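All remarks here apply to the structure that follows.
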2 protein chains.
Amino acid sequence: MGESAKAVETSTRILDAAELLFVEHGFDATSMRLITQAAGVNIAAVNYYFGSKDGLFKAVFERRAEPFARLFLGHLDQLERQYANPSAKQVVEAFVAAAIELGQEASLGGLIFVRLLARTFVEPHPVLKESMPRRYSELTRRYISALVKSLPHLSEAEVHWRFHFLANAMFNAFAGTNVLRLFMAHPIVNARDPQMVARMLVPFVVAGLDAQAAMPELVDQNS
Amino acid sequence: MGESAKAVETSTRILDAAELLFVEHGFDATSMRLITQAAGVNIAAVNYYFGSKDGLFKAVFERRAEPFARLFLGHLDQLERQYANPSAKQVVEAFVAAAIELGQEASLGGLIFVRLLARTFVEPHPVLKESMPRRYSELTRRYISALVKSLPHLSEAEVHWRFHFLANAMFNAFAGTNVLRLFMAHPIVNARDPQMVARMLVPFVVAGLDAQAAMPELVDQNS
DNA sequence: GTCTATATTCCGATAGAC
DNA sequence: GTCTATCGGAATATAGAC
């Protein structure tokens with residue numbers, strides 16, 4: 001390692017700073033000047049390493065996308081090896097565990113990528129609208145497939161709806177956006193504590209998944 | 001009515017166009033040039049009527065904030081007159097009904113304000129961080145209070161957590177952001193149909209509210 | 001690889017004629 | 001009230017020296 005010196009690579013410092021700022025203030029509101037200043041690098045470095053601001057966003061996303069998918073699918077594999085018919089609760093817990101482990105793996109304090117993912121739902125960046133389905137279609141397919149098997153009292157369409165609600169609730173919960181803070185001066189909950197969030201969230205969403213069907217009469221009418 | 005002619009007032013046309021564009025692309029990504037062009041008015045009209053872009057956002061928000069609060073509190077009043085102890089399901093349905101009625105009152109197609117509210121949670125606009133608690137604190141207090149009474153098996157702190165999850169799930173559901181579309185090429189659910197969303201959503205969140213406590217041992221340890 | 005300096009574009013806001 | 005023209009600033013991106 002002849003050229004030691006630098007503690008952290010320049011490109012990594014940029015990724016770290018950008019990840020945090022994108023989550024905190026959004027993509028548009030985060031200027032490259034702010035990013036490079038926070039990272040302690042020159043303004044031109046972003047273009048040198050990532051080509052453009054869009055390229056930087058894609059790189060920020062891609063860095064965590066693969067490890068997260070690998071963690072979750074690993075949990076799901078193990079679950080399906082151990083049990084013939086995993087419950088909805090076990091499937092949800094596999095997902096939550098992956099999110100928390102990712103937050104602990106990354107040297108950063110929180111579940112920053114999960115928060116970034118949550119923001120991406122509400123304001124999808126054009127760069128990702130193309131690459132996300134390709135990368136996550138298998139994960140989504142296996143997640144929903146496991147839920148379908150664990151919820152035999154629901155039609156497949158209704159499981160899709162519940163997965164839709166589940167994903168919204170979970171990602172927003174881990175995003176740490178405290179809804180209550182907007183409505184009351186002194187909210188009780190601490191939305192930033194991921195362990196607490198996970199503990200409170202799992203019973204809520206699992207009960208929602210297990211609930212009776214809202215659409216039992218799916219195909220018995222031909223209006 | 002001496003000066004007839006104009007079908008819709010200029011300021012109203014601006015509000016309509018801005019409301020839609022803010023929801024679709026966010027505040028920062030929506031330029032005043034885009035708004036005035038969509039509204040078919042002059043660029044300077046925004047500053048003339050609303051003073052600034054921030055003033056316009058505030059006006060967009062304020063136009064729907066009061067009617068929505070009035071609708072929901074009306075439903076809650078009626079509910080508490082009719083029943084001694086309204087169930088969590090009834091409280092949730094009062095909220096959903098208010099959202100849908102607001103969407104039908106406004107001549108626009110969808111539940112645009114509810115979608116705007118959902119976006120506001122994820123990227124809170126500075127202008128609202130001050131005015132929102134003042135306007136909605138009573139609504140939130142009464143909503144949570146009704147839930148606390150309807151869920152006697154939960155501690156007040158846990159009800160606050162569930163309200164946090166509930167609000168996230170509901171607003172995002174009505175926001176019409178199709179999470180599944182980001183993950184799969186051809187999702188089944190149509191997240192833009194508010195009637196369908198309401199029908200699928202209510203059983204999910206009500207079951208989540210009714211679920212057993214995750215924090216039964218709240219105060220029995222003094223670590 | 002890293003820096004300075006700059007090109008280019010777009011933004012919100014305003015002045016002033018009509 | 002409505003318009004044109006423009007100001008001042010900030011953004012991304014790049015050219016070119018070192």
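The structure displayed is predicted, hence computed values, not measured ones. Just so it is clear: chains get the letters A, B, ... in the order the sequence lines come, proteins before strands, and each one is counted from 1.
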B:F95/B:F68 aromatic ring centres below 6.0 Å: yes
Length of the CG-P vector between B:N47 and D:dC3, whole Å: 14 Å
Side chain of A:A44 - closest among C:dG12, D:dT14, C:dT14: D:dT14
Integer-rounded Å distance: C:dG12 C1' and B:F50 CZ: 16 Å
Atom-pair distance (CG on B:L56; C1' on C:dG12), nearest Å: 12 Å
Closest to side chain of A:M32, choosing from D:dA13, C:dT2, C:dT4: D:dA13
Integer-rounded Å distance: D:dA10 P and A:I43 CD1: 13 Å
Under-4.0 Å salt bridge between A:E66 and A:R70: no
Minimum-distance pair of heavy atoms, taken over all atoms of B:G208 and B:R162: O-NH1, 3.1 Å
Parallel, tilted or perpendicular: ring planes of A:F22 versus A:F27, cut at 30 and 60 degrees: tilted
Rounded interatomic separation in angstrom, taking CG from A:N42 and P from C:dT6: 15 Å
Rounded distance (Å) that lies between atom P of C:dC10 and atom CG of A:D28: 15 Å
Touch class at under 4.0 angstrom, heavy-atom based, for B:T30 against every strand present: sugar-phosphate
Proximity to the side chain of B:K53 - top-ranked nucleotide from C:dT4, D:dA13, C:dG12: C:dG12
Rounded distance in Å - CD (B:Q37) to P (C:dC11): 11 Å
Side-chain donor/acceptor of A:E158 to backbone N/O of A:M215, under 3.5 Å: yes
Rounded interatomic separation in angstrom, taking OH from A:Y48 and P from D:dT14: 15 Å
Nucleotide of D:dT2, D:dT4, C:dG1 approaching B:T10 most closely (side-chain heavy atoms): D:dT2
Candidate nucleotides C:dT2, D:dT2, C:dG12, ranked by approach to the side chain of B:Y49 - the nearest: D:dT2
